[in-house]
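Here's the structure, in structure tokens; my notes come after.
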Number of protein chains: 2
Amino acid sequence: MKRDSRLSGVLHVLLHMAQQPGPFTSETLAKAMDTNPVVIRRIMAGLRDLGYVRSEKGHGGGWTLACDLAKVTLRDVYIALGSPSLLAIGNRTEAPGCLVEQSVNAALDQAFGDAQALLLSRFGEVTLAMLGDDLRKRLGSRKLQGMSAHGA
Amino acid sequence: MKRDSRLSGVLHVLLHMAQQPGPFTSETLAKAMDTNPVVIRRIMAGLRDLGYVRSEKGHGGGWTLACDLAKVTLRDVYIALGSPSLLAIGNRTEAPGCLVEQSVNAALDQAFGDAQALLLSRFGEVTLAMLGDDLRKRLGSRKLQGMSAHGA
DNA sequence: AAATCATGTAACATATAAAGTTACATGAAA
DNA sequence: TTTCATGTAACTTTATATGTTACATGATTT
């Protein structure tokens, strides 16, 4: 199955935005992400609706951060994306009449639930500000070598 | 993304087989699972290769359990399926040159790794025998009402 | 007011992987 | 030798993320 990378993508965008004042057009961000502007608008829509970012039309428009990075966690961002399913495996059918299926589902659901809860919990422990700090560290050691954020 | 239900499916098959002596043809199992015989053969192939089940051709042939159910865990079955990916979400790109992406990936990978490890650990704690016990309990309470394993 | 710029969004195309299906080869039992 | 059952390749279908095109909406500049 193809893995959903929207969370990774939108975090990437947010971190880029945190490095310098905005606003940023979808086209600019798309270039940095090597993707299409429409994809940017798509993954940002939920964040905008929840007020984490703002978008402006017209000249000088684009995307702007509108939240305290220290107060927004990866969990918040994940939820803004619509809480897409976290697990690649699941039960064959829901609401099975077959007792065998019920036994199997009960066992698997327990494990699935634990894993999902753990993931969400971990996401909740990491703020965008922490990601920014980590990035600054990496940038710091690169700067000594005169390289940019996108340098190879 | 479409969820991979092969683990759920193959466990369902094994539990059905544990309820009565075999052998079972792929067609019989497929009917109980409401799917295609080829799908059964496909998900059983790994188990056969690892010796958990046997398959025989010709008249009176079919699938037979060939392991101690108390010694095979959901983890073993999962591995027999080829250890398909557990998570539906992932990083945008691997081996990114972009430092921003490195920061994002580092944060996410930590959480992903923890969740995968937890899932595998939980799988390792559950044996097929335990699933069978659970099923027998469910069957027991149904029998009092004169219903079969597939009764609605 | 008109031209330009940028988002918003629908519609369609592409890519990937699971699941389902068909066809046929292989081999065992009646 | 016929029948049955697995083994497997090849193809189709389905679902979903991702990519793309087209155009409407609205803000800014001239």
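Taking atom CE on B:Met33 and atom C1' on C:dA19, their separation rounds to 12 Å, with Å as the unit. Taking atom CG on B:Leu7 and atom P on C:dA19, their separation rounds to 11 Å, with Å as the unit. The separation between A:Met44 atom CE and D:dT18 atom P is 16 Å, rounded to whole Å. Atom CZ in A:Arg42 sits about 10 Å away from atom P in D:dA17, given to the nearest Å. With rounding to whole Å, A:Asp4 atom CG is found 13 Å from D:dA15 atom C1'. Put simply, CH2 on A:Trp63 is 15 Å from C1' on C:dC5, counting in whole angstrom units. When the C1' atom of C:dA13 is taken as reference, atom CG of A:Asn36 falls 12 Å away, rounded to whole Å. Here the P atom of nucleotide C:dG8 and the CD atom of A:Glu27 are 15 Å apart, to the nearest Å.
Note on A:Gly62: only backbone sugar-phosphate atoms sit closer than 4.0 angstrom, heavy atoms only; bases stay farther off.
Toward the 5' end of DNA chain C, the nearer of the two residues B:Arg41 and B:Asp34, judged by each one's closest nucleotide, is B:Asp34.
For the residue pair B:Ser5/B:Ser8, the side-chain donor-acceptor check at 3.5 Å is not satisfied.
For DNA chain D, the neighbouring residues in residues 49-57 of chain B, judged by any heavy atom under 4.0 Å, are B:Ser55, B:Glu56, B:Lys57.
Relative ring orientation between A:Tyr78 and A:Phe123 is described as tilted, the plane-to-plane angle lying within the 30° to 60° band.
The listed nucleotides are D:dG19, D:dA22, C:dA6; the one nearest the side chain of A:Val39 is D:dG19. Closest contact between the side chain of A:Arg6 and the listed nucleotides D:dG19, D:dT6, D:dA17 involves D:dA17.
Ion pairing of A:Arg136 with A:Asp133 is present here, as a side-chain N (NZ or NE/NH1/NH2) and a carboxylate O approach within less than 4.0 Å.
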Q) Are B:Arg3 and A:Ser85 close enough, and set up right, to give a side-chain hydrogen bond (donor to acceptor under 3.5 Å, both in side chains), and what steps lead you there? A) CA-CA 9 Å; B:Arg3 242 136 139 199; A:Ser85 48; 5.0 Å; no

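Side-chain atoms of A:Lys2 stay outside donor-acceptor range of the base of D:dT16, with no qualifying N/O pair under 3.5 Å.
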